[in-house]
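Encoded as structure tokens, the structure appears first; notes follow it.
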Amino acid sequence: MLDLKFIVANADAVIAGAAKKHITCDVPAILALDTERRELVTALDALRAEQKQAGKLIAKADPSERPALAAAQADAKAKLKSMEARSKDIDAELKALLLLVPNIPADAVPEGATDEDNVEIKRWGDLPKFDFAPRSHSELGEAHGWIDIVRGARISGSRNYVLIGDMSLLEHAIMRFAFDSMVARGFTPLSVPTLVRSETMVGTGYFPGGEDQAYRCDDRDDLCLVGTAEVPVTALHQDEILDFEDLPKKFVAQSTCYRREAGTYGKDTKGLYRVHQFQKVEQVVIDVADEERSLAHHEAILGNSEALLQSLELPYRVVNVCGGDLGQPQIQKFDIETWMPSREGFGETHSASRFHDFQSRRLSLRYRGEDGKVRHCHTLNNTVAASTRMLIAIVENHQNADGTVGIPDALQPYMGGRTVMGKPLT
RNA sequence: GGAGAGGUGGCGGAGUGGCCGAACGCGCUGGUUUCGAAAACCAGUAGGCCUUUACGGGUCUCGAGGGUUCAAAUCCCUCCCUCUCCGCCA
């Protein structure tokens with residue numbers, strides 16, 4: 001959410017920002033409502049002041065005079081009531097409109113409509129050259145009995161899976177390696193709820209707009225399953241005023257992630273690429289409202305994930321996500337795409353976002369600055385490792401001609417010291 | 001799921017209709033004192049909104065939302081949350 005005062009003062013920039021993101025929002029309606037709101041609040045406050053004074057006079061007056069004085073307040077009372085009702089309506093309308101205004105993308109965000117317009121800014125690693133026909137992770141998974149899609153679907157419907165044996169171990173190995181490496185970098189490990197109130201989904205910017213992508217419990221509980229630990233972690237200090245000495249706060253959390261993937265029928269149906277549930281280690285940074293510091297954090301959290309991919313010996317590229325492919329809340333986003341031989345291309349594995357105070361304003365996440373002033377924090381986050389897409393990349397990139405898979409050095413300690421998984425396929 | 005208790009400022013904790021945005025204590029900040037520190041003493045110390053060049057003024061908020069009243073932290077209703085006991089349970 002943007003600051004209403006900021007929108008009023010910078011309406012053109014807000015409109016231009018929304019256009020760059022290809023998102024529609026009604027700024028003129030917001031301006032009109034705000035004008036009405038100001039006039040109303042001024043009048044309302046004056047009336048309330050009168051009312052309070054009158055009340056105090058009644059308290060001091062002789063009891064015999066009270067009924068008459070009280071009766072004289074009837075008009076003011078009625079007027080107050082209708083003004084308050086109107087005021088509440090305006091606030092509600094304004095809030096609803098405000099929640100739909102997107103954050104303004106940074107100048108460095110490229111113009112564009114879809115992910116095809118994202119701009120590659122970096123490439124690392126040599127693409128694997130196979131002197132045999134490489135197998136997809138689905139083929140390897142099936143041949144080794146590592147992945148069971150059929151039973152996954154039988155239990156839980158399409159886009160569900162069961163990992164078996166070494167594949168399950170490898171999943172745990174990746175998650176633990178990712179988690180440990182972030183703790184080693186000074187991030188505070190967190191175990192958080194994956195079931196959150198819809199209010200928290202609004203606070204982090206997923207609602208309104210993303211309802212179709214989230215699983216929601218039934219009406220008995222107003223709870224949603226999160227699509228990422230970003231949600232509970234960013235919301236950890238909501239409604240608080242933090243001390244600037246305690247910032248930045250850097251968190252790492254592993255969680256199960258649930259995604260409905262509505263509207264993706266027929267897309268990426270094979271294998272583990274697009275699934276309803278996976279594990280993910282996520283990094284979140286909360287800091288003071290300083291653009292330079294936010295930028296530095298953004299580079300740092302991007303670097304953290306790059307380091308992970310490098311130690312897993314996986315080729316990847318970094319793209320600067322274009323305006324049209326940016327979500328409503330982000331100032332800027334860098335995606336890391338890791339090479340996946342079966343796709344004969346790079347597949348998105350990481351997403352590093354910078355929000356400035358967009359989320360913290362919704363969450364009422366603030367800090368007291370050195371000057372004593374209270375401001376909204378800046379927030380950022382990035383994937384460290386998402387289980388299924390990492391599994392795809394590792395298994396496909398490190399496969400051998402005989403169908404075995406080399407375990408990257410970094411993961412070997414987490415795999416009982418083994419260097420290879422799977423028996424040679426005939 | 002059943003029964004009960006409770007949600008007040010950074011924390012503890014008063015306050016059961018008007019003088020309460022809120023006693024008192026702790027904490028924190030500034031000052032006095034001191035060679036320095038501690039202690040003591042004095043002062044200050046929530047946030048949102050409107051208004052004002054500024055100083056300031058006004059208003060709202062005592063878990064959330066409604067209601068009663070001239071007037072609500074205080075009375076009534078609904079919801080949320082926490083705690084205790086019982087039941088169930090990984």
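Small disclaimer: the values here were computed from a predicted structure and weren't measured. Letters go in sequence order (proteins before strands), and every chain restarts at 1.
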Presence of salt bridge, [Y] and [X], under 4.0 angstrom:
| X | Y | answer |
| --- | --- | --- |
| Arg38(A) | Asp34(A) | yes |
| Glu348(A) | Arg389(A) | no |
| Asp222(A) | Arg197(A) | no |
| Asp212(A) | Arg216(A) | no |

Gap in Å between the two [atom1] atoms, one belonging to [N] and one to [M], rounded:
| N | M | atom1 | value |
| --- | --- | --- | --- |
| rG47(B) | rG13(B) | P | 23 Å |
| rC80(B) | rA64(B) | C1' | 7 Å |
| rG12(B) | rC62(B) | C1' | 16 Å |
| rG7(B) | rA73(B) | P | 15 Å |
| rG48(B) | rC55(B) | P | 16 Å |
| rA46(B) | rG65(B) | C1' | 23 Å |
| rA22(B) | rG9(B) | P | 14 Å |
| rC11(B) | rC28(B) | P | 15 Å |

Any side-chain N or O of [X] under 4.0 Å from OP1/OP2 of [N]?
| X | N | answer |
| --- | --- | --- |
| Arg368(A) | rC28(B) | no |
| Gln51(A) | rC70(B) | no |
| Arg38(A) | rU51(B) | yes |
| Lys81(A) | rG67(B) | no |
| Lys5(A) | rG48(B) | no |
| Arg37(A) | rC49(B) | no |
| Lys56(A) | rC70(B) | no |

If pairing requires Watson-Crick or G-U wobble contacts with both distances under 3.5 Å, which nucleotide is the partner of [N]?
| N | result |
| --- | --- |
| rC83(B) | rG4(B) |
| rG65(B) | rC77(B) |
| rC88(B) | none |
| rG9(B) | none |
| rG27(B) | rU45(B) |

*Where the side chain of Lys88(A) is defined as all heavy atoms beyond and including C-beta, which of rG66(B), rG58(B), rC70(B) is the nearest nucleotide?*
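Looking only at heavy atoms from C-beta outward on Lys88(A), the closest nucleotide is rG66(B).
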Applying a 4.0 Å non-hydrogen cut-off, can you work out what [X] is touching in the nucleic acid: base, sugar-phosphate, or nothing?
| X | answer |
| --- | --- |
| Arg66(A) | base |
| Ala54(A) | nothing |
| Lys373(A) | nothing |
| Lys52(A) | sugar-phosphate |
| Leu69(A) | nothing |

*Centroid-to-centroid, His298(A) to Phe334(A), below 6.0 Å?*
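Yes, they do, as the ring centres are separated by less than 6.0 Å.
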*Decide yes or no on side-chain contact (heavy atoms from CB on, under 4.5 Å) for Val285(A) and Lys249(A), but give the supporting numbers first.*
CA-CA 6 Å; Val285(A) 175; Lys249(A) 285 195 177 282; over 6 Å; no
_Nearest-nucleotide 5' precedence on RNA chain B, Leu80(A) against Arg197(A)_ =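 Going by which nucleotide is closer to the 5' end, it is Leu80(A).
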